[in-house]
Amino acid sequence: MAKTQHWLIKSEPSVYAYAQLEHDGSTRWDGVRNFEARNNLRAMREGDLCLYYHSNEGKAVVGVARVARAAYQDPTSEEDWSCVDVAPLKAFTEPVTLDAIRARKGFANLEMLRRNRLSVTHVTAAEFKTFLAMGKTEL
DNA sequence: GCCAACGTTGGC
DNA sequence: GCCAACGTTGGC
């Protein structure tokens, strides 16, 4: 059994909010058109955990999703892009705002801060644990 | 293979 | 709605 990896995925809540994911039960995470984000999608394995970040509005991590299906050809493109399926796992008791993330010591190397325009970033196990604590949430 | 132009993302 | 950052594209 491969070790679970952790990721952070971004979505504008006006486009697809976490509540929508909970409503739908699962969704295809498609439309990614950035090579680095694509590589991250391809590194995902079923069962990996994703922090779900609301960009633009909210600007906070609001929950955890689980990779329900590893990377496959993105059906919304004829070209070589990938998508995964994700399912909701647990909403955070308290959203973890961007301000709080920035203020947090130990998050200096957080990829989503360093590469703020990348929509799919890697999160270390330690960072993930910290996020859960900040969100007052246990899985 | 360089670099300017362009498009997209995301914070403010 | 604006603008900065930055990845991508295309001309040379």
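All chains are named by letter (A, B, ...) in the order of the sequence lines, taking the proteins before the strands, and each is independently numbered beginning at 1.
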Which side-chain N or O atoms in residues 95-109 of chain A pair as donor and acceptor under 3.5 Å with protein atoms at least two apart or in another chain?
from: Thr97(A); atom 1: OG1; to: Ala100(A); atom 2: N; distance (Å): 3.1

Using atom types as modelled, flag every donor-acceptor pair under 3.5 Å from a side chain in residues 47-59 of chain A to any protein atom, sequence neighbours excluded.
from: Asp48(A); atom 1: OD1; to: Gln5(A); atom 2: N; distance (Å): 3.0
from: Asp48(A); atom 1: OD2; to: Gln5(A); atom 2: NE2; distance (Å): 2.8
from: Asp48(A); atom 1: OD2; to: Trp7(A); atom 2: NE1; distance (Å): 3.1
from: Asp48(A); atom 1: OD2; to: Arg45(A); atom 2: N; distance (Å): 3.0
from: Tyr52(A); atom 1: OH; to: Tyr16(A); atom 2: O; distance (Å): 2.7
from: His54(A); atom 1: NE2; to: Tyr18(A); atom 2: N; distance (Å): 3.0
from: Asn56(A); atom 1: ND2; to: Glu12(A); atom 2: OE1; distance (Å): 3.2
from: Asn56(A); atom 1: ND2; to: Glu12(A); atom 2: OE2; distance (Å): 3.2

Enumerate donor-acceptor pairs with a distance under 3.5 Å from any side-chain N or O in residues 132-139 of chain A to protein atoms, sequence neighbours excluded.
from: Thr137(A); atom 1: OG1; to: Thr93(A); atom 2: N; distance (Å): 2.9
from: Thr137(A); atom 1: OG1; to: Thr93(A); atom 2: OG1; distance (Å): 3.4
from: Thr137(A); atom 1: OG1; to: Gly135(A); atom 2: O; distance (Å): 2.7

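Remark: Glu22(A) pairs with no residue by the salt bridge (charged side-chain N to carboxylate O under 4.0 Å, His left out) rule, at least two apart or across chains. By the ring-ring contact (aromatic ring centres under 6.0 Å, His included) test, Tyr72(A) is found to be paired with no residue, residues two or more places apart in sequence or in another chain being considered. Under the rule for a side-chain hydrogen bond (donor to acceptor under 3.5 Å, both in side chains), Ser119(A) has no partner lying at least two apart in sequence or in another chain. Judged as a side-chain hydrogen bond (donor to acceptor under 3.5 Å, both in side chains), and not counting sequence neighbours, Gln73(A) has no contacts. The side-chain hydrogen bond (donor to acceptor under 3.5 Å, both in side chains) check on Trp29(A) picks up nothing, with sequence neighbours excluded. With sequence neighbours excluded, no residue forms a side-chain hydrogen bond (donor to acceptor under 3.5 Å, both in side chains) with Ser77(A).
Near DNA chain C, meaning a heavy atom under 4.0 Å from it, residues 27-39 of chain A has Asn34(A), Phe35(A) in order of number. Contacts with DNA chain B (heavy atom under 4.0 Å) in residues 109-122 of chain A: Asn116(A), Arg117(A), listed by number.
Going from atom CG of Leu98(A) over to atom P of dG10(B) covers 11 Å, rounded to whole Å. Atom C1' of nucleotide dG10(B) and atom NZ of Lys10(A) are separated by 7 Å, given to the nearest angstrom.
Looking at Asp80(A) and Arg38(A), a side-chain N of the basic residue comes within less than 4.0 Å of a carboxylate O on the acidic one, giving a salt bridge.
Between dT9(B) and Tyr53(A), no contact under 4.0 Å exists linking OP1 or OP2 to a side-chain N or O. For Lys59(A) and dG10(B), the shortest distance from a side-chain N or O to OP1 or OP2 is not below 4.0 Å.
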Restricting to nitrogen or oxygen on both sides, can you table the protein-nucleotides 1-4 of chain B pairs closer than 3.5 Å?
none

